[in-house]
Each structure stands twice: as C-alpha cells, then as structure tokens.
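Numbering starts at 1 and runs along the sequence shown. Fair warning: this is a prediction, and the values are worked out from it, not measured in the lab.
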Amino acid sequence: MGRLVKWEGVYPAVLTFFNEDGSLDLTTFEKNIRFQVACGVNGVIIGGSLGESSTLSHDDRLTLLACAIKAVGQEVDIILNIAEGSTSDAIELAKKAEKNGADGLMLLPPMMYKPTDEEVVRFFADVAQNTTLPILLYNNPVDYKILISIDMLGQLTPYSNIQAIKESTRDISNVTRTKNAFGDRYKILCGVDTIAVEELVMGADGWVAGLVDAFPKETVMIYKYVKEGKINEAR
C-alpha cells in the first residue's frame, strides 16, 4: 500500500496518449503528468473516462501506472481507475494495482447493463474487501445511468477503505445531502468542472478535473482561491 491518500486538492483525470500504430505513447503521457505535478496538483487518476477507460486493457493500465509511479510517484497520489462489468475482473485489477504500487483506486459501478442498487452495493463491497487500497467511488448517473444514492452510501459505511465520492450528479445540493448524512465519513470530490467552484463552496474537499489537462496552473489556483474564501478571485 502506498501513501495515505487525503482526497483533497486537484486530481487530474489524465489523458492517455497513443502512437500512430495504436500503442501507448508513454513519452507524451509522462510529459503531461510531470507538467501537472509541476503546476501543483495533488494526484493523478489514470485510465479514467477522459483517459480512454472504455478501450484500455488491464495491461495498458498497469503500464501507465508503472510509468506514472516512476515519474511522479514520490510526489503525488497515483490513483488507478477501475471500470469493469464483472466483479471478478474488478477484483483482479484492484489486486494488481495494489501489488504494483498504486496509492488508491477510483471505482465505477458495474457497467455492462444497468444494475439494481443492491447489485451496485454488493459490487463495491466485494471489491473493497479484496484490497487495502483507499477507494474513490464515481457517482455519475448522467453518463452511466447509475446513481449512488445516500441510502447506498449508508450501506457502504462499514467498508473503511471506501473513503471518497467523485460527485458528478450535476446536482450541487447532493454535496449538502452527503455532508449532512455522513459528516466527514466520505470525502467529496467534484467531478464536473463547470460547477466545481459551487461544489467547493458547499463543502467539497477536492476536484477531479478534466480541463486541468490543458490549464493545470489555473485549475489549481481556482481551488486554492475558493479554499481561502477568495470567491471573487476564483470566479
């Protein structure tokens, strides 16, 4: 297990780059994450939706993980995304991520068809019980049609390594509901750039950003301004 992940600050969902033949372009990938870290981000999330999650193999993800750890692993959190339809596949990747030095995981619900709430909770719990890595759940019902409800989060509280929620419901008041229901039990990271200021004001702890890939310095400054109460500057 790697460092203690605080789930605070800015976490770029970093891009995955490819060569003309379809192989991973690790040179450009490393250049990007070094640039992100130099601009003050707190971690990088590998193989997320913006990083071609739907097309990467497990081996691709582990190759990117190794590259990121070698480049910036001593400086920031290295988080690997898991997006699988099968519980066994998700557990297999979680175990490999832990063995290969990831600091934490971002975990999507099972994606092959729309599952029931009970199936989603069981999926998350099964993965959590098979790794010691801290986990960020991805709550994005707009794109994935699966809502992680307050009730479902309540059922997941016994699993201590499920530590944070990537809040992408586009409903700012969900930050308030989550904080009121659980206090500091779950860290909340805004997953939608266009409402990040508003969610940070309402108590979100961090920001899983996309635009940061192009504007890391500006994104980090927006986060810092809000946390310092300098709302006009952030705007």
Between atom [atom1] of [X] and atom [atom2] of [Y], what is the distance when rounded to the nearest 0.5 Å?
| X | Y | atom1 | atom2 | answer |
| --- | --- | --- | --- | --- |
| E30 | R34 | CD | CZ | 4.5 Å |
| L65 | D59 | CG | CG | 12.0 Å |
| F17 | L15 | CZ | CG | 4.5 Å |
| Y138 | S53 | OH | OG | 9.5 Å |
| L108 | E84 | CG | CD | 10.0 Å |
| S168 | D193 | OG | CG | 9.5 Å |

Quick check: is [Y] connected to [X] through a chain of hydrophobic side chains (ILVMFWY, heavy atoms under 4.5 Å apart)?
| X | Y | value |
| --- | --- | --- |
| L189 | V197 | no |
| L93 | I78 | yes |
| L147 | F123 | no |

Please evaluate residues E92 and K96 with respect to the criterion salt bridge (charged side-chain N to carboxylate O under 4.0 Å, His left out), reporting the C-alpha separation (whole Å), side-chain torsions for both, the decisive distance (0.1 Å), and the verdict. CA-CA 6 Å; E92 178 186 3; K96 288 180 178 178; 3.0 Å; yes
Just so I know, are the side chains of [X] and [Y] near enough to count as touching, which here means a heavy-atom distance under 4.5 Å?
| X | Y | result |
| --- | --- | --- |
| V41 | V212 | yes |
| I45 | L80 | no |
| I146 | V120 | yes |
| N174 | I188 | no |
| I165 | I148 | no |
| K166 | L137 | no |
| I231 | V201 | yes |
| Y159 | L156 | yes |

Are the side chain of [X] and the backbone N or O of [Y] linked by a donor-acceptor pair below 3.5 Å?
| X | Y | result |
| --- | --- | --- |
| E98 | K95 | no |
| N130 | D126 | yes |
| D25 | N19 | no |
| T157 | G154 | yes |

Under 3.5 Å, is there a donor-acceptor pair linking the side chains of [X] and [Y]?
| X | Y | result |
| --- | --- | --- |
| T178 | E167 | no |
| D21 | S23 | yes |
| Y144 | S49 | yes |
| D60 | T63 | no |
| S173 | R177 | yes |

Please check if atom CD in Q74 has more than 12 non-hydrogen atoms from other residues, nucleotides or ligands closer than 6.0 Å. no
Start with the C-alpha distance between V72 and E75, add both sets of side-chain angles, then the distance that settles side-chain contact (heavy atoms from CB on, under 4.5 Å), and finish with yes or no. CA-CA 5 Å; V72 297; E75 301 172 70; 4.1 Å; yes
The test is side-chain contact (heavy atoms from CB on, under 4.5 Å); show your working for V44 and N32 and say whether it passes. CA-CA 10 Å; V44 294; N32 180 42; over 6 Å; no
Could you walk me through whether R170 and D143 pass the salt bridge (charged side-chain N to carboxylate O under 4.0 Å, His left out) check? CA-CA 11 Å; R170 279 69 163 179; D143 293 317; 3.3 Å; yes
Exactly one of L136, T131, N81, V5 clears side-chain contact (heavy atoms from CB on, under 4.5 Å) with L105, and that residue is T131
As a quick check of understanding, evaluate side-chain contact (heavy atoms from CB on, under 4.5 Å) for T16 and F18, giving each step before the final call. CA-CA 7 Å; T16 300; F18 300 93; 3.7 Å; yes
Could you list all the side-chain hydrogen bond (donor to acceptor under 3.5 Å, both in side chains) pairs where at least one residue sits in residues 225-235, not counting sequence neighbours?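 Listed once each, the pairs are E228-K230, N232-R235.
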Name all pairs fulfilling the side-chain hydrogen bond (donor to acceptor under 3.5 Å, both in side chains) condition that reach into residues 5-15, sequence neighbours left out, sorted by first residue then second.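 Residue pairs with at least one partner in residues 5-15: W7-Q163, E8-K187, Y11-D77.
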What is the minimum heavy-atom distance between [X] and [Y], and which atoms define it?
| X | Y | value |
| --- | --- | --- |
| D213 | A13 | OD2-O, 2.9 Å |
| M106 | I79 | N-CG2, 3.5 Å |
| N42 | V76 | O-CB, 3.5 Å |
| V10 | A209 | CG1-CB, 4.4 Å |
| A94 | V127 | CB-CG1, 4.2 Å |
| Y113 | P115 | O-CD, 2.9 Å |

For L56 and L64: C-alpha separation, side-chain torsions, deciding distance, then whether side-chain contact (heavy atoms from CB on, under 4.5 Å) applies. CA-CA 10 Å; L56 294 176; L64 293 169; 4.0 Å; yes
